[in-house]
Amino acid sequence: MAKIQTPQAVRGTQDIFGEDQERFQHVVETFERVRRLYGFKGVQMPVFEPTAVFARSLGETTDVVSKEMYSFEDRGGDSLTLRPEFTAGISRAYLTNGWQQHVPLKLSTHGPLFRYERPQKGRYRQFHQLDAEIIGVSEAAADVELLCFADQLLKELGISDGVTLQLNTLGDAESRDAWRDALVEHFQAHRADLSKDSQDRLERNPLRILDSKERQDRPIADSAPDIDAYLSTEAKEFFAQVTEGLDACGVSWTRNSRLVRGLDYYRHTAFEFVTDRLGAQGTVLAGGRYDGLIESLGGPVTPAVGWAAGIERLGMLLADAPAVPLELAILPMGDTASVKALSVASELRGSQFSAEIFGSGKFKKRMARANQVGALAAIIIGEDEMASGKVQFKNLATGEQTELDVTAVIEKMWDLRFSEDLDSFDADLTDLEQDVAQLGEGD
RNA sequence: GCGAUCGUAGCUCAGUUGGUUAGAGCGCCGGUUUGUGGUACCGGAGGUCGGGGGUUCGAGACCCCUCGGUCGCCCCA
């Protein structure tokens with residue numbers, strides 16, 4: 001008999017489980033919590049769109065569109081594409097659903113994205129992003145709010161120490177075009193000295209020469225004109241408002257005048273939160289203002305800003321996988337106790353305590369299991385307890401064991417939880433007091 | 001798409017210039033302990049040496065192809 005070939009996972013896809021899943025989940029939950037603090041509404045978007053949505057918004061000549069999309073024809077003969085990013089789909093939804101009526105619109109979403117790329121650490125063919133967008137606000141306040149949101153997210157994830165916010169402006173359409181012409185002229189003059197890649201870029205995407213990693217390009221890129229000289233007074237004012245706002249929010253940033261976007265619809269603010277801990281995949285969260293995008297999909301001129309962040313990359317930066325311990329492990333002994341265990345479990349769960357029955361195998365083994373999963377307490381139900389109507393309640397941290405009825409167990413668990421909350425509240429308070437004290441010293 | 005590097009148990013890795021039945025630690029299962037965890041000791045299961053082809057009396061080691069991971073480039077979160 002021929003041996004069956006075990007199927008492999010598709011290249012660049014992941015089966016996220018165990019500690020990785022904890023990390024992933026923690027990133028998403030933190031995002032969902034922080035996003036509410038800023039009043040962003042959640043949205044769910046289709047995973048595929050008509051190919052034209054991406055082709056038109058990103059531009060036919062971009063790498064993403066020309067060689068990285070998962071495009072296919074469906075049974076009806078339509079060309080569809082698995083989304084390689086969120087913004088185009090959201091813009092499409094904005095137009096098709098008449099969301100203009102909800103402007104200003106603050107949206108957030110997260111989910112899988114697909115790009116046919118060479119996989120590496122922190123780079124997958126199916127990967128996952130968090131996304132936040134503000135549509136319909138042309139003022140710099142939107143850029144600031146989005147950046148504060150991003151900054152707080154990274155702080156709450158505990159990874160802001162290794163990450164810096166790099167900020168730049170691309171100006172308005174006029175500024176940008178003037179600067180672009182000046183750059184082309186500059187690079188044209190040094191064309192012969194540019195790397196082969198950058199000579200290509202000169203045709204397709206001249207701004208990209210600025211952040212080239214090629215050694216021979218650096219002197220030419222570094223001596224290229226900054227945008228500052230070409231900014232209109234409005235654009236200058238806009239950027240000033242962004243930086244003032246960031247300072248007011250306590251968001252630290254550094255100017256990177258070589259930070260650019262390849263796509264034409266980007267205006268004004270461009271930013272990246274960058275780390276040096278993930279090798280070539282150092283960008284952890286990035287975005288900017290894309291006032292020209294909705295227009296490129298045939299809609300009215302609509303201002304918009306947004307960012308996206310790689311969930312896997314954020315997860316990899318987390319110091320420890322946040323453990324979610326089981327609260328109660330229920331260990332029945334014998335058939336009648338097993339039935340009793342079911343009613344005890346549902347009562348505990350109904351009271352909002354996590355509980356799991358460890359019902360099969362040797363008792364000793366089950367106790368070890370309870371300990372291993374980090375259960376706070378074990379509940380033992382056996383012959384004696386069936387007779388008395390109570391259970392053995394064993395605190396697995398202290399080893400202390402008492403006989404209680406289920407109501408008393410619930411009370412005890414509430415006390416335990418309450419005292420933990422108090423402890424963390426006290427810790428927060430201490431931090432706050434220290435911050436206040438430092439502020440006082442600073443004056 | 002280009003360049004480099006790696007691929008031996010579930011995990012981390014050993015495996016001498018090609019030579020008998022491929023090893024260790026951790027983990028897993030069982031026992032010492034049939035109503036009580038973290039320790040200790042003893043035992044056990046688990047391997048298409050990524051896959052295919054070739055060289056050879058003999059290949060986990062050498063050659064070719066292929067798949068996958070990783071690092072860089074491109075691009076990007």
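Numbers restart at 1 for each chain; the letters A, B, ... are given by sequence-line order, proteins then strands. For the numbers below, each heavy atom of this structure counts, side chains included, while hydrogens, waters and symmetry mates do not.
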So if I take every side-chain heavy atom of N371(A) and compare against rG38(B), rG69(B), rA77(B), which nucleotide ends up nearest?
rG38(B)
Atom-pair distance (CE on M333(A); P on rU36(B)), nearest Å
7 Å
Integer-rounded Å distance: rC75(B) P and D197(A) CG:
7 Å
Is any side-chain heavy atom of E68(A) closer than 4.5 Å to a side-chain heavy atom of R125(A)?
no
Does Q392(A) place a side-chain N or O at less than 4.0 Å from the phosphate oxygens OP1/OP2 of rG37(B)?
no
Base-pairing mate for rG27(B) - Watson-Crick or G-U, with both contacts under 3.5 Å
none
Can you tell me the base-pairing partner of rA14(B)? Count Watson-Crick or G-U wobble geometry only, both distances below 3.5 Å, and say none if there is no partner.
none
Let me know the distance between CZ of R115(A) and C1' of rG1(B), rounded to the nearest Å.
16 Å
Using the P atoms only, state how far rC26(B) lies from rG44(B), rounded to an integer number of Å.
15 Å
Heavy-atom side-chain contact between L157(A) and H26(A) under 4.5 Å:
yes
Earlier contact from the 5' end, RNA chain B, for K67(A) and F273(A)
K67(A)
With a 3.5 Å cut-off and heavy atoms only, can you find an N or O donor on one side and an acceptor on the other between the side chain of Q401(A) and the base of rU36(B)?
yes
Do F127(A) and the base of rA77(B) stack face to face, with centres under 5.5 Å apart and an angle between planes under 30°?
yes
Check whether any side-chain N or O of Q120(A) sits under 4.0 Å from OP1 or OP2 of rG72(B), and answer yes or no.
yes
Does R369(A) or V10(A) map to a spot on RNA chain B nearer the 5' end, using the closest nucleotide for each?
R369(A)
Please check the phosphate of rC73(B) (OP1 and OP2 only) for any side-chain N or O of K213(A) closer than 4.0 Å.
yes
Can you tell me whether the side chain of E117(A) and the base of rG1(B) have a donor-acceptor pair closer than 3.5 Å?
no
Any side-chain N or O of K364(A) less than 4.0 Å from the OP1 or OP2 oxygen of rG31(B)?
no
Return the pairing partner of rC73(B) with a 3.5 Å limit on both distances, Watson-Crick or G-U wobble; otherwise return none.
rG1(B)
Any salt bridge linking R191(A) with E203(A)? Criterion: basic side-chain nitrogen under 4.0 Å from a carboxylate oxygen.
yes
Assigned partner base of rU48(B), Watson-Crick or wobble definition, under 3.5 Å
none
If you measure from CG on N395(A) to CG on L416(A), what distance do you get to the nearest 0.5 Å?
6.5 Å
Between the side-chain atoms of R123(A) and the base atoms of rA77(B), is any donor-acceptor pair under 3.5 Å?
no
Between R23(A) (side chain only) and L317(A) (backbone N and O only), is there a donor and an acceptor less than 3.5 Å apart?
no
Could you let me know what rA22(B) is paired to, Watson-Crick or G-U wobble, both distances under 3.5 Å, or none if it's on its own?
none
Looking at rU36(B), does its base get a donor-acceptor pair with the side chain of K394(A) below 3.5 Å?
yes
Tell me: CG of L157(A) to C1' of rA77(B), nearest whole Å?
14 Å
Does R208(A) put a side-chain nitrogen or oxygen below 4.0 Å from OP1 or OP2 of rC76(B)?
yes
Would you say R313(A) reaches rA77(B)'s phosphate, i.e. side-chain N/O to OP1/OP2 under 4.0 Å?
no
